There are 2 protein chains.
Amino acid sequence: MMESESQERGQSQSERALSGIRELLFSGVFEPGARLSEPAIAERLQLSRTPVRAALARLEQEGAVDAIPSGGFAVRKFATDDILDAIELRGVLEGTAARLAAERGISPAQSMSFRTLLSEIDALLQVPGEDLDHEAFTACNAVFHELVKESCGSSVIARELDRLTALPFASPNALLMVQRDLPEFHGSLVLAQSQHRAIVEAIELREGSRAEALAREHARLARRNLEVAMNDDRIKARYPALTLVTA
Amino acid sequence: MMESESQERGQSQSERALSGIRELLFSGVFEPGARLSEPAIAERLQLSRTPVRAALARLEQEGAVDAIPSGGFAVRKFATDDILDAIELRGVLEGTAARLAAERGISPAQSMSFRTLLSEIDALLQVPGEDLDHEAFTACNAVFHELVKESCGSSVIARELDRLTALPFASPNALLMVQRDLPEFHGSLVLAQSQHRAIVEAIELREGSRAEALAREHARLARRNLEVAMNDDRIKARYPALTLVTA
DNA sequence: CGAAGCCGTAATGTATACACCTTAAACAAA
DNA sequence: TTTGTTTAAGGTGTATACATTACGGCTTCG
């Protein structure tokens, strides 16, 4: 029915609700812990309560929103420890993907994808730090982690990683803004790339345990980034999602 | 309206829908891959489409049900490889929980819980194989894995483990029926218990890496159980959920 | 001045109505 | 017989109505 003239065409109302609420959440419009009123959101996004409710239920499963025992949902308060654990867990999962990829072997096509991507990132890092195309680096970084995720050929692991990185701060490029805003951290991008290369090498040489350890260590970079971001008011000011992080 | 005289009081309609559909799914009522008609389920469970729909959406996130691109949901077909990967992943997650527990240390109370539980299981295994109280063993086994899950004190990891073990076959005691129905596998329960003991020991000695490796290996027992179950028609006949496993 | 009880407002959970779309079956034509 | 077409039935997505329940402010009493 319906399909009235809404903002973004081609999507269902539920999809609009989902992305709409996500955007509201992570732009810091709501207080952490505040109740999310379905009618209020529905009016704000110009749709009925039904898709809003569906989106909230989904966001609860994703961990972006907490269910209130007495009913309804509230903005989730993220403890710093939770985020650190989530990053650690991403390292574990990516490590498992890398290990399985090494143990099971990857196709020549996958190997080629890795290789060309590594070269691409190398090229990006060739220019002096200040001129770095940060946007492109972030995109390449995302692709790398996608490749790792798919390299093991397990839909189970891919699904779990997708779920985990739906969380705002656990995503592979969630905290790359640190390197953009604080030039003194440009060097860690070079380190990251050397880790990328080592992970690919380990996978190709079927060194499962090494691949796993490297991927875990690689995730620790994000940990450092989080610590930096939490202690830097410039960054906190520029990234409203960080207001959801308490303690 | 609502709160009419339904079967199980004290629960919401959504909860009834969730458990009702789960039960229908894993009792093999539906063909694998079959569409799940919301009106049909609603009538069968004596409630309206709304909670049914909510439950289906949740079951999709849990992985029990697949979303059909054109709309609606279908019974998920489980590939054997998917289940093996899920078991492997449970091992990885429990391994991580055990490692973190070792690294971070556990409280004396937690240590005591582990110790008393281990003794309890020892007592159960004291009797000759045929007389084993299988029900009690299954319960104790579940408690052990709960303790491991909580030993690391990370809600993030606990949440992920809960999600994963919501899947029917990845759960720690999902395939213990093998040991009940095939007496020749009673010995593996003794092995499992020795692994339990070693895991606890490693955690207490702060040997993180060993604890992780042991927990992973422990999960491999379930892998063997699955292989046995898939090749034994007596078991397949007695456990309808296995009909959802294809290939 | 503080605490406890009460009432009104608002929000949730659920049911139901309805338009669009998918699907499958019946039918016609080659 | 097979293929293409039409049509009818059923199913989904969404909106809305309604009863119940939670929450906040106000009053009243200790």
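Chain A is the first sequence line, chain B the second, and so forth, proteins listed ahead of strands; every chain is numbered from 1. Since we're looking at a predicted model, the values are computed, not measured.
Within the 4.5 Å cutoff, the side chain of Arg223(B) has heavy atoms near those of the Glu88(B) side chain.
If you check every strand for non-hydrogen atoms under 4.0 Å, Arg53(B) touches a base. Counting any heavy atom pair closer than 4.0 Å across all strands shown, Leu36(A) reaches sugar-phosphate atoms only and no base atom.
Straight-line distance from the CD atom of Glu60(A) to the P atom of dT12(C): 14 Å, rounded to whole Å. In this structure, CD of Glu38(A) is placed 15 Å from P of dA22(D), rounded to the nearest angstrom. Regarding Phe73(B), its CZ atom lies at a distance of 16 Å from the P atom of dT22(C), rounded to whole Å. Rounded to whole Å, atom P of dA11(C) lies 13 Å from atom CG of Leu56(A). The CD atom of Glu43(B) sits 12 Å away from the P atom of dG10(D) (whole-angstrom rounding). Atom pair Gln46(A):CD and dA15(D):C1' shows a separation of 14 Å (rounding to whole Å applied). Following rounding to the nearest Å, Leu18(B) (CG) and dG13(C) (P) show an atom-to-atom distance of 14 Å.
Residue-to-nucleotide contacts include no donor-acceptor pair under 3.5 Å from the side chain of Ser70(A) to the base of dA22(D). The base of dG13(D) sits with one of its N or O atoms less than 3.5 Å from a complementary donor or acceptor on the side chain of Arg49(B). Interface remark: the Ser37(A) side chain does not form any donor-acceptor pair with the dA11(C) base, using a distance-only criterion of under 3.5 Å.
In this structure, Ala67(B) and Glu60(B) approach most closely via the heavy-atom pair CB-OE2, 3.6 Å. Of all heavy-atom pairs spanning Arg159(B) and Gln61(A), the tightest one is NH1-O, 4.4 Å. Nearest approach of Ala74(A) to Leu36(A), heavy atoms of both residues: C-CD1, 4.0 Å.
Distances from the side chain of Gln13(B) to the nucleotides dT12(C), dA15(C), dT16(D) place dA15(C) closest. Set against dT14(D), dG11(D), dT14(C), the side chain of Arg35(B) has dG11(D) as its closest nucleotide. Considering only the side chain of Ser12(A), dT14(D) comes nearest among dT12(D), dT14(D), dT12(C).
Within the structure, a side-chain polar atom (N or O) of Ser48(B) is placed less than 4.0 Å from OP1 or OP2 of dA15(C).
The backbone N or O of Ser12(A) sits less than 3.5 Å from a side-chain atom of Glu15(A), completing a donor-acceptor pair.
Looking at which nucleotide of DNA chain C each of Ile68(B) and Leu47(B) is closest to, the 5′-most match is held by Leu47(B).
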